[in-house]
Amino acid sequence: PAHYPSSTKLHCRHCISCVSEKTRKEIMTKGSSGMEVILTSLENTRDLQTILNILCILNELLTVGGGRRVGVFVSKGGTAIVLQLLVQSGKEASPSEELMLHLHSLLAKVGPKDRKFGIKARLNGALNVTVNLLKQNLQNHKLLLPCLQVLRVYSSNSVNAVSLGKSGVVELMFKVIGPYSKKNTTLLKVALDTLAALLKSKMNARRAVDRAHVPALLAIYQDWHRNDTRHRHMLIRKSILGCIKNITNIKLGRKAFIDADGMRILYNTSNVVFHVSVDDVVDESDDNEDTEVDTENDTENEEDEKDPRNDDIETDINKLRSRQVLTRPFEELRVYERFFREFSEDFQPPRLKDTPVDLDSISISKAPESKLELELVQGLSQLLLDASQSVNGGCGGEGPQEESGEQAVLEVPDTAALLPLHDPDLYLVMVKGTCSVPGYTEVAYPDYFGHVAPNFREHILERVYGVQRSKIFQDIERLIHPTDILDKVVYDLDFCPVIDDGECLKFNSQFESGNLRKAIQVRKFEYDLVLNSDINSNHYHQWFYFEVSSMRVGVPYRFNIINCEKSNSQFNYGMQVLMYSVQDAISGSPRWVRTGSDICYYKNHFSRSSIAAGGQKGKSYYTMTFTVTFQHKDDVCYFAYHYPYTYSTLKMHLQKLRALRTPQIYYRQEQLCETLGGNCCPLLTITAMPESTGNDHICQFRNRPVVFLTARVHPGETNASWVMKGTLEFLMSSSPLAQSLRESYIFKIIPMLNPDGVINGNHRCSLSGEDLNRQWLTPSAELHPTIYHTKSLLQYLTAIGRTPLVFCDYHGHSRKKNVFMYGCSIKETVWQTNVSASSSDLQEDLGYRTLPKLLSQLAPAFSLSSCSFVVERSKESTARVVVWREIGVQRSYTMESTLCGCDQGKYKGLQIGTRELEEMGSQFCVALLRLRRLTSPLELRNHHTHLLDMESDLIETRCNITCPTTYVMEEDEPAFLEEVDYSAESDEENDPDADHAHLDPSELSQNRF
Ligand SMILES: [Zn+2]
């Protein structure tokens, strides 16, 4: 090893000026060879002066030109060469300070951009050289800064953090950081960031706790808060908080934090900061010395930075091709023939009846059940007329109602004119035939009275800035002022009944589709609510539907649903909850209305067990909070996630629809199968009667193309049922359009694929605890009967050459606005991936775009730009993809309706209501009629090329290339500006949802148009 005289001082500016800018450019532009030459020289020279010169050149080169040059440097092994030089020099008795300065400056530039920097530094033995240099130069700020910058990069590697901790670097950092001072803020910031990175290691966090650094950090924080009155050093305060946060990731750290009065300190300081405007916070004035700070840290994830949305797209061309294979022998499918009697019906004068017995199996014999019907009415009137009396029969099953008949007088709003499909008496009859797991004996008023859509507009709420913050502060106050907190369980499905002292609200959820597990009175007018998970699962908390009574008038009540799971919600973007007032209903306005103020949705401090989080650790729950002021005394009010639509409601509607049959309408209702819970899954067949019994007419009747519709596989997506109601009403109406539509198609409709889930208040699953829309690949006849038999019906159709023209499954979407469709297209999927696999060779009929295009012209809530035709791997077992791929239905869709509202079209700025949803369902029918008009004459003549041309015209194919389909995003809204994460979890990086929440808004908007 060469000996370097440590006294040598060089003026690098001078040296670098010898190398002209032209030469510098040449070095870089002639490929990488220039860099190779420099690095080779650096590696081989032993002369200090030359080394310093080369380091100067490199420093200069890498300062300008951004990441590309650094990339070349790293790829040519520059990092290792410089690290070796550092280690070599470190062995010297008194290494050149100048050299050390240059080496660290260079490493500080390269480190953040070299993914393997931490490992390389450790393996080369560089960590200790830097640490020793630091220890000896704590007062030498010139050298200290680049050393700290390099140390910060070392520390971002978790193995390094542990080893550095052992070398006393945590202590060392505490020597650098200190109370408020205007000097050396850059240095301080780097030291704090290094410390924060080190404290991610539990061992280091523990070390900090043991040496009483938690109160020290809090004191430093307070000092900065007190002195930095103009808020010019927010980043320093943020870094101090980062250190504290990482310490509190361990239990001991949390204890130390609480013991040091951390809650109160941070609460008080935050309350002051609250009044600072955002612009002040963003100003970083003093901290702009090294702009490279912005690009630090995240380089380890460089590889993951490629568009995460592409990961889920199906790239296997073979999987994308339709493979309409008959997976079951026809003999096995033949049993489904009985559901397709329209294919063989000859309408000859009736012979003696030989119809199957299970036809119209839902019909109810009214007479023998009248006694029970009366009991139910009594139950209701008891709820209404004597609200103070605690409700029995809720938990214990069949609590006998002993009241006399006199009490059973109930004012029922007369809605017959407004709600032709509703009939309270019939509803009670239907409830009787519905099997629920808890054996419900009560009926919720809204379902009994019915819902008449209000005539006023319900705007999407403008969210007031600061709501979330103030709500979180209220939550924190629970810890700071524990004596103010009641924490009284006032409703609990597991231990009922709960004492009623007249000082709290009464809750109930023991009715069809009800969901509320527990209510806890936190403060006098504030309640924490816990939702039930789906039966046989331990998550999916989203749907709620419960009753509240014993309220005070004119007082704002705050409700917090505290075990939500999704990382974001439309409740952050203007959606309100639904409320139904029985008093309003009785006085003539039976309706659900959007209600609630101060609504927001945020991550809370309750952590989820890894079992409940699907194996992921460190996940927390989310709170959905809303505030309501009740208008009427002695009211009974209901709250729901969305407009309820129970299974009994469906049965009532079907009964009423059946009564609308005319001699022109062919309508059949059959039981497709029985569910696990013992409920019937109805299958409808609707078409027009043949014009006559003449052969031509019978032939036309039998050969109409099939349209296959399903809905409500997800129980929490009640909007899907309202859309389906609109479709069914249109199909049964006497309008010429409806008649024309019936003459065009045979409709096969399964309006509720998951009756059990709906009845029992689930959000997503069936009784088996599974998402039925993920079972289409291999449904089990025992566990997923409705899916199994629906798929069989489709397989049968394909087997007999009657593959449906259109398949559509109605859903609701909780994160997006408007109504839109997901379809399947090979080409559009291939376009989304970078697989250049000769996509031009792919033949594809563009007909799949016609229906969405028509809908966007017809239905005001429908948005074409939100549609997607990409096939995702994660969706390969959904109805849409399986029906497209296996059954061979080209127009196979999921139609998603927003739970919130619209941001385009006629309903822009309004929340969606049942009227708009039903309209969507009927416009879907009109679109089908147009589709028929476009396709039928040509199809009959077998002119497929013409058909293609015509459809292509309609859908402006060129648009497909310039603005390809949107990819299905988890979120469509940017993260909220005031988003606050105050959970204790540390590994946010592992939370895929969190990533979405931090997506660049500009990226999102790109995908929307
Ligand atoms: Zn769904």
Side-chain angles (χ1 to χ4, degrees), residues 170-171 173-181 188-189 191-193 195-196 198-229 231 233-276 281 466 468-487 522-523 526 528 560 562 602-607 618 620 623 978 980-986:
V170 173
E171 287 303 307
M173 288 306 105
F174 275 101
K175 282 182 188 158
V176 179
I177 63 171
Y180 175 77
S181 152
L188 185 63
K189 169 88 168 55
L192 282 166
D193 288 345
L195 182 61
L198 291 170
L199 291 173
K200 277 191 179 171
S201 133
K202 287 185 180 175
M203 209 185 285
N204 290 342
R206 189 174 175 143
R207 198 169 277 130
V209 173
D210 288 346
R211 307 204 179 158
H213 286 318
V214 175
L217 279 169
L218 282 167
I220 293 172
Y221 181 77
Q222 269 182 303
D223 190 52
W224 278 87
H225 176 78
R226 221 176 281 128
N227 290 297
D228 179 25
T229 46
H231 305 293
H233 301 293
M234 292 302 274
L235 288 180
I236 287 185
R237 277 191 263 170
K238 199 179 159 194
S239 298
I240 303 172
L241 289 176
C243 295
I244 298 174
K245 184 185 172 203
N246 288 347
I247 293 179
T248 55
N249 280 338
I250 62 167
K251 216 174 179 178
L252 272 175
R254 288 193 285 276
K255 189 179 176 300
F257 176 77
I258 299 286
D259 290 348
D261 209 13
M263 283 310 285
R264 192 185 305 271
I265 290 169
L266 295 192
Y267 176 83
N268 290 340
T269 52
S270 312
N271 265 329
V272 177
V273 177
F274 188 20
H275 302 292
V276 179
V281 177
Q468 180 173 322
R469 213 183 162 104
S470 67
K471 294 296 162 188
I472 289 177
F473 277 125
Q474 284 179 26
D475 290 354
I476 295 170
E477 277 163 24
R478 298 187 191 185
L479 297 159
I480 296 173
H481 310 294
T483 49
D484 297 354
I485 300 304
L486 303 170
D487 263 343
V522 179
R523 298 181 176 97
E526 181 177 352
D528 277 354
N560 314 305
I562 58 169
Y602 56 89
K603 192 188 277 184
N604 62 33
H605 57 279
F606 298 107
S607 59
S620 37
T623 291
E978 59 164 334
V980 178
D981 169 14
Y982 77 116
S983 74
E985 70 190 42
S986 58

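Contact detail for Ala212 and Pro215: the closest heavy-atom pair is O-CD, 3.5 Å. Taking each heavy atom of Cys243 and Ala196 in turn, the nearest pair found is SG-N, 3.6 Å. Nearest heavy atoms, Met173 versus Ala191: SD-O, 3.8 Å.
Judged as a salt bridge (charged side-chain N to carboxylate O under 4.0 Å, His left out), and not counting sequence neighbours, Glu477 has no contacts.
Atom NE2 of His213 and atom CD1 of Ile247 lie 8.5 Å apart (nearest 0.5 Å). Distance CZ/Arg523 to CG/Asp487: 10.0 Å, rounded to 0.5 Å. Taking CG of Leu199 as the start and CG of Leu217 as the end, the distance is 7.5 Å to the nearest 0.5 Å. Considering CD1 of Ile177 and CG of Leu192, their distance stands at 5.0 Å, rounded to 0.5 Å. Separating the CG atom in Asn268 from the CE atom in Met263 is a distance of 11.0 Å, to the nearest 0.5 Å. Note that the OG atom of Ser270 and the CD1 atom of Ile476 stand 6.5 Å from one another [nearest 0.5 Å].
Within the 3.5 Å criterion, the main-chain N or O of Phe606 finds a donor-acceptor partner in the side chain of Asn604. With hydrogens and angles ignored, the 3.5 Å screen pairs a side-chain donor or acceptor of Asn204 with a backbone N or O of Leu198.
Between Asp223 and Arg226, the closest side-chain pair of non-hydrogen atoms falls below 4.5 Å. Annotation: side chain of Ile244 is not in contact with side chain of Val214 (no heavy-atom distance under 4.5 Å).
With respect to Asp475 and Lys471, no salt bridge is recorded, no charged nitrogen being found less than 4.0 Å from a carboxylate O.
Open room surrounds CZ on Arg206; 12 or fewer heavy atoms of other groups in view lie less than 6.0 Å from it.
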(message) Working note: Val170 + Leu195, criterion side chain to side chain contact (heavy atoms under 4.5 Å, CB included); need CA distance, chi angles, decisive distance, verdict.
(response) CA-CA 6 Å; Val170 173; Leu195 182 61; 4.0 Å; yes
(request) Please report the C-alpha distance between Gln474 and Asn560 in whole Å, then the side-chain angles of each, then the deciding distance to 0.1 Å, and finally whether the side chain to side chain contact (heavy atoms under 4.5 Å, CB included) criterion is met. (result) CA-CA 12 Å; Gln474 284 179 26; Asn560 314 305; over 6 Å; no
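Only one option out of Asn246, Thr269, Ile236, Leu266 pairs with Leu241 in a side chain to side chain contact (heavy atoms under 4.5 Å, CB included); it is Leu266. Residue His233 forms a side chain to side chain contact (heavy atoms under 4.5 Å, CB included) with just one option from Ile240, Asp228, Asn227, and that option is Asp228.
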